[in-house]
Amino acid sequence: MKVGIEEKFMIKELISEKTAEAIKKAAKKGELGQLKPEDITELFIEKTKNPEFGDYAVNISPLAKNARMAPPKIAEAIKSYLNIDDVEVSIIQGFINFKLGNSILNNGIAKIILKNKDFGRNNLGNSEKVLLEYVSANPTGPLHIGHGRWAAVGSALANLLKFSGYEVDQEFYINDAGNQINNLGKSLWIRILQELGVEANFPQTEEEGSKNYYSGDYLIEVAKEYLKHNKDKAEEFYKNNSEPLNPSDEVIHKMSGFAKGIMFKQQEDLLRKFRTEFDTWYSETTLHQSGEVEKTIEKLRSLDKLYEKEGALWFKSSEYGDDQDRVIKKGDGSYTYLTADIAYHYDKVERGFERLINIWGADHHGYVARIKASIEAMGKNPNCLEVLLGQLVNLIISGEQVRMGKRRKMLTLEDLIEEVGVDATRFWMIMRSIDTTLDFDVDLAKSCSDENPVYYVQYAHARVCSILRTATGERFDQDNKTLLPPFITQEELKELVNSEKFDKNFLEALWKTNSEKELESTKALILKLESFEDLVQTAAKTRSPYMIARYCQELAKDFHYFYTFTRVLNVENDVMKARLCLINAVKQVFANALDLLGVCAPESM
RNA sequence: GCGCCUGUAGCUCAGUGGAUAGAGUAGCGGUUUCCGAAACCGUUGGUCAUGGGUUCAACUCCCAUCAGGCGUACCA
């Protein structure tokens with residue numbers, strides 16, 4: 001079956017277009033007072049607050065100013081030109097309300113069956129080439145919970161943007177150069193010495209430089225791994241480096257190289273397990289080695305954006321809105337972190353990406369102005385860079401807040417996933433707007449109870465599947481002790497939702513009932529399903545995967561409500577078929593939505 | 001001091017300048033001979049931090065104040 005006109009449009013679009021037409025007609029005829037057709041602003045179609053009013057509504061009060069008429073009169077004038085098939089139009093004060101008829105609702109289901117996996121897909125992005133960078137952790141230790149939030153949100157956002165017609169590349173910038181990497185090497189050296197039985201300790205106080213070491217236990221394993229293959233080498237190093245805290249550059253280099261290799265591999269493996277897949281792993285070191293960093297400096301120099309002061313080289317970022325100028329090359333001749341980052345972002349633009357989206361922790365927000373300044377200084381449009389600043393994560397364990405410290409003992413992302421599972425962790429990480437500090441309640445996320453929104457959603461999906469299984473399974477007749485044939489065979493069920501030959505007429509049976517509850521719950525469910533398309537666009541536009549998570553909860557709610565009042569099986573055959581088709585649509589929408597989140601939609605649980 | 005984020009029900013959070021500010025959870029009271037009760041229904045609970053301003057209309061926009069978080073490096 002081909003997609004008919006009715007199935008092409010979202011209900012909101014349909015109402016919006018028809019209303020705009022009606023307003024234009026009324027304005028042309030001079031029935032809207034002073035209002036001219038060009039005064040018409042974008043109409044805001046909303047769901048009604050109260051179902052008694054109808055299903056959708058548009059508030060025409062904003063037109064009152066230009067028209068110089070009372071809102072109810074405006075509404076009356078517009079209404080007389082408003083004619084939408086199978087939609088009842090009514091007026092209450094400044095609102096025009098729309099009540100949808102059955103055939104519009106049936107079309108909503110038909111659209112889902114026809115579009116299937118592509119229901120919700122749209123072309124908002126218009127193939128814009130996006131580089132989405134997130135996580136970008138230092139390879140100096142295990143990923144922590146905060147990284148987990150960006151991994152979950154970032155990968156979900158990537159899915160969402162792709163679904164909305166953007167061409168997305170996901171990238172992880174490996175901060176594998178600079179001081180922290182040296183510190184990592186020095187720290188590993190101490191662990192290796194300890195494994196060799198040498199007296200070697202991390203500095204204990206800040207004065208002694210404890211901040212410059214990674215004293216977490218995880219390096220013990222790395223030290224053991226190193227010694228497995230390089231024991232002789234380590235002993236040889238020790239002969240020439242008797243002071244544990246002052247190894248030679250050669251030792252530091254070897255140690256940091258080994259450690260970061262292992263750390264990076266661990267991060268990569270964990271992220272994959274967490275369903276976060278990057279297209280590119282971009283190493284900071286390669287930026288230095290390829291001369292990209294030098295080239296960037298030369299470019300800025302040639303544009304007269306650099307100057308020397310107090311033995312350092314500065315970038316005039318304050319010319320572009322930054323609070324102050326920034327050091328590009330330190331007094332000791334080395335570069336700051338910013339320098340490579342400028343080169344990196346310039347490279348992103350040079351690679352042909354039209355939009356750069358970064359997810360950064362809020363603790364990096366001071367960086368936004370400098371990077372934007374550098375993009376502008378290099379002659380590109382700084383607005384192509386969108387930085388999504390996410391607030392941090394607090395862990396709640398047994399009702400108490402546990403603060404994360406990088407260099408102390410901590411709960412890593414791996415531990416969390418181990419305890420809570422990938423699905424629950426992802427859902428919890430995604431379900432809040434990134435503007436708010438996330439309280440991650442480990443006990444709640446772990447609990448397989450009604451308190452856990454993940455299971456609430458997954459349970460709804462499993463319930464749908466359970467009905468479908470029951471529908472096609474043989475039944476045992478208690479009274480006669482015999483087996484009855486299934487309600488419907490596998491083949492019949494498949495035919496019912498076959499998008500090739502789909503005939504929506506049989507959906508009329510959904511409305512045969514006289515039960516208010518059945519009608520109401522069926523209608524609410526269909527409206528929720530239909531609204532997914534619009535929601536995806538809003539979520540993509542505002543870069544808000546959390547909206548998808550909320551939607552899943554709402555859909556689950558509407559389905560459970562439907563389930564409670566409306567039986568699918570053991571009803572008249574044509575009604576059953578129509579309802580089976582409806583719950584198939586529910587299953588499909590859950591699958592599409594959960595897929596965007598990277599959360600499983602289980603058949604049973 | 002300055003900058004960014006936050007402040008909405010006991011708790012965790014939604015809310016696009018528009019109708020009586022919503023959900024989950026907690027509390028209280030109910031619902032299962034019948035497709036999965038990991039569910040559902042009802043009910044209690046609000047000075048939308050405070051004070052001004054703009055607007056026909058403000059939780060929403062602007063200003064100030066208060067509170068919390070995060071920044072404010074020749075660290076990354």
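Only heavy atoms go into these numbers, but all of them, side chains included; no hydrogens, no water, no symmetry mates. Naming convention: chains lettered A, B, ... in sequence-line order (proteins, then strands); numbering from 1 in each chain. The structure presented is a predicted model; accordingly, all values stated were derived computationally and were not measured.
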(request) Would you indicate what Thr542(A) reaches in the nucleic acid, counting non-hydrogen atoms under 4.0 angstrom: base, sugar-phosphate, or nothing? (result) nothing
(request) Report the C-alpha distance between Gln180(A) and Tyr214(A) in whole Å, list the side-chain angles of each, state the deciding distance to 0.1 Å, and finish with yes or no for side chain to side chain donor-acceptor pair (under 3.5 Å). (result) CA-CA 9 Å; Gln180(A) 296 306 325; Tyr214(A) 295 94; 2.7 Å; yes
(request) May I ask you to say what Met431(A) touches in the nucleic acid, namely base, sugar-phosphate or nothing, with a heavy-atom cut-off under 4.0 Å? (result) nothing
(message) Measuring from the side chain of His364(A) (C-beta onward, heavy atoms only), which nucleotide among rA19(B), rU12(B), rA76(B) has the closest atom?
(response) rA76(B)
(message) Of the options rC74(B), rC40(B), rG36(B), whose atoms approach the side-chain atoms of Tyr561(A) most closely?
(response) rC40(B)
(message) Categorize Asn570(A) for me: base, sugar-phosphate, or nothing, with a 4.0 angstrom heavy-atom threshold over every strand shown.
(response) nothing
(message) rA37(B), OP1 or OP2 - any side-chain N/O from Tyr563(A) closer than 4.0 Å?
(response) yes
(message) What's Ala460(A) touching, base or sugar-phosphate or nothing? Going by heavy atoms closer than 4.0 Å.
(response) nothing
(request) State which of rC74(B), rC35(B), rA39(B) makes the closest approach to the side chain of Ile467(A). (result) rC35(B)
(request) Looking at every strand, decide which applies to Gly331(A) at a 4.0 Å heavy-atom threshold: base, sugar-phosphate, or nothing. (result) base
(request) Pick base, sugar-phosphate or nothing for Thr566(A), based on heavy-atom distances below 4.0 Å to the nucleic acid. (result) base
(request) Kindly point out which of rA39(B), rC70(B), rC35(B) is positioned nearest to the side chain of Leu392(A)? (result) rC70(B)
(request) With the side chain of Phe565(A) defined as its heavy atoms from C-beta on, choose the nearest nucleotide among rA76(B), rC41(B), rA19(B). (result) rC41(B)
(request) Give the ring-plane orientation class for Trp314(A) versus Tyr307(A), where under 30° counts as parallel, over 60° as perpendicular and anything between as tilted. (result) parallel
(request) Go through the steps to decide whether Glu133(A) and Ser136(A) satisfy the test side chain to side chain donor-acceptor pair (under 3.5 Å), and finish with yes or no. (result) CA-CA 7 Å; Glu133(A) 184 213 325; Ser136(A) 294; 2.7 Å; yes
(request) Compare side-chain N and O positions of Thr470(A) against OP1 and OP2 of rC35(B) and report whether any pair is under 4.0 Å apart. (result) no
(request) Can you figure out which of rA39(B), rC13(B), rA38(B) approaches the side chain of Asp439(A) most closely? (result) rC13(B)
(request) Ignoring the backbone of Asn175(A), work out which of rA76(B), rC35(B), rG69(B) is nearest its side chain. (result) rA76(B)
(request) Report yes if at least one side-chain N or O of Lys330(A) is closer than 4.0 Å to OP1 or OP2 of rA76(B); otherwise report no. (result) yes
(request) Measure from the side chain of Arg432(A), starting at C-beta and using heavy atoms only, and say which of rU12(B), rC74(B), rG69(B) lies closest. (result) rU12(B)
(request) Output the single nucleotide from rC56(B), rG36(B), rC75(B) whose closest atom is nearest the side chain of Lys65(A). (result) rC56(B)
(message) Just to be sure I understand the rule, does Glu310(A) reach a base, reach only the sugar-phosphate, or reach nothing, if contact means heavy atoms closer than 4.0 Å?
(response) base
(message) With a 3.5 Å cut-off and heavy atoms only, can you find an N or O donor on one side and an acceptor on the other between the side chain of Asp341(A) and the base of rA76(B)?
(response) no
(message) If you assign Asp323(A) and Phe53(A) each to the RNA chain B nucleotide with the nearest heavy atom, which residue ends up on the more 5' nucleotide?
(response) Phe53(A)
(request) Indicate the ring-plane relationship of Phe264(A) and Phe172(A), choosing parallel, tilted or perpendicular according to the 30° and 60° boundaries. (result) perpendicular
(request) Quick one: label Asn50(A) by what it contacts on the DNA or RNA (base, sugar-phosphate, nothing), any heavy atom closer than 4.0 Å. (result) base
(request) Look at all strands and tell whether Ser61(A) reaches a base, only sugar-phosphate, or nothing, counting heavy atoms closer than 4.0 Å. (result) base
(request) Both distances under 3.5 Å, Watson-Crick or G-U wobble: report the partner of rC59(B), or none. (result) none
(request) Answer with base, sugar-phosphate or nothing: what part of the nucleic acid does Ala369(A) contact at a heavy-atom distance below 4.0 Å? (result) nothing
(message) Return whichever of Ala462(A) or Ile92(A) has its heavy-atom-nearest nucleotide of RNA chain B closer to the 5' end.
(response) Ile92(A)
(message) Suppose we define a pair by two distances each less than 3.5 Å, Watson-Crick or G-U wobble; what does rG22(B) pair with here?
(response) rC13(B)
(request) Applying side chain to side chain donor-acceptor pair (under 3.5 Å), run through Thr436(A) and Ser433(A) and close with a yes or a no. (result) CA-CA 6 Å; Thr436(A) 85; Ser433(A) 152; 5.6 Å; no
(message) Under a 3.5 Å distance rule, please check whether Arg550(A) uses its side chain to pair with a backbone N or O of Met431(A) as donor and acceptor.
(response) no
(message) Under 4.0 Å, counting only non-hydrogen atoms across every strand here, what does Ala362(A) touch: a base, just sugar-phosphate, or nothing?
(response) sugar-phosphate
(request) Searching all strands shown, indicate the nucleotide that pairs with rC4(B) (Watson-Crick or G-U wobble; both distances under 3.5 Å). (result) rG69(B)
(message) Applying the salt bridge (Lys or Arg N to Asp or Glu O under 4.0 Å) criterion to Asp55(A), which one of Lys99(A), Lys47(A), Lys523(A) satisfies it?
(response) Lys523(A)
(message) Any side-chain N or O of Lys557(A) below 4.0 angstrom from OP1/OP2 of rC41(B)?
(response) yes
(message) Given rC41(B), rA76(B), rC5(B), identify the nucleotide with an atom nearest to the side chain of Asp435(A).
(response) rC5(B)
(message) Is the phosphate of rC40(B) approached by Tyr456(A) (side-chain N or O, under 4.0 Å from OP1 or OP2)?
(response) yes
(message) Could you tell me the Watson-Crick or G-U partner of rC48(B), where both distances fall under 3.5 Å? Say none if there is no partner.
(response) none
(request) Give His365(A) one of three labels, base, sugar-phosphate or nothing, depending on what nucleic acid heavy atoms sit under 4.0 Å from its own. (result) base
(request) Establish, with yes or no, whether the OP1 or OP2 oxygen of rC35(B) is under 4.0 angstrom from a side-chain nitrogen or oxygen of Arg579(A). (result) no
(message) Classify Lys12(A) by what it touches in the nucleic acid, base, sugar-phosphate, or nothing, heavy-atom distance under 4.0 Å.
(response) base
(request) Classify the ring geometry between Tyr344(A) and Tyr282(A) as parallel (under 30°), tilted (30 to 60°) or perpendicular (over 60°). (result) tilted
(request) Using a 4.0 Å heavy-atom cut-off across all strands, classify Ala340(A) as base, sugar-phosphate, or nothing. (result) nothing
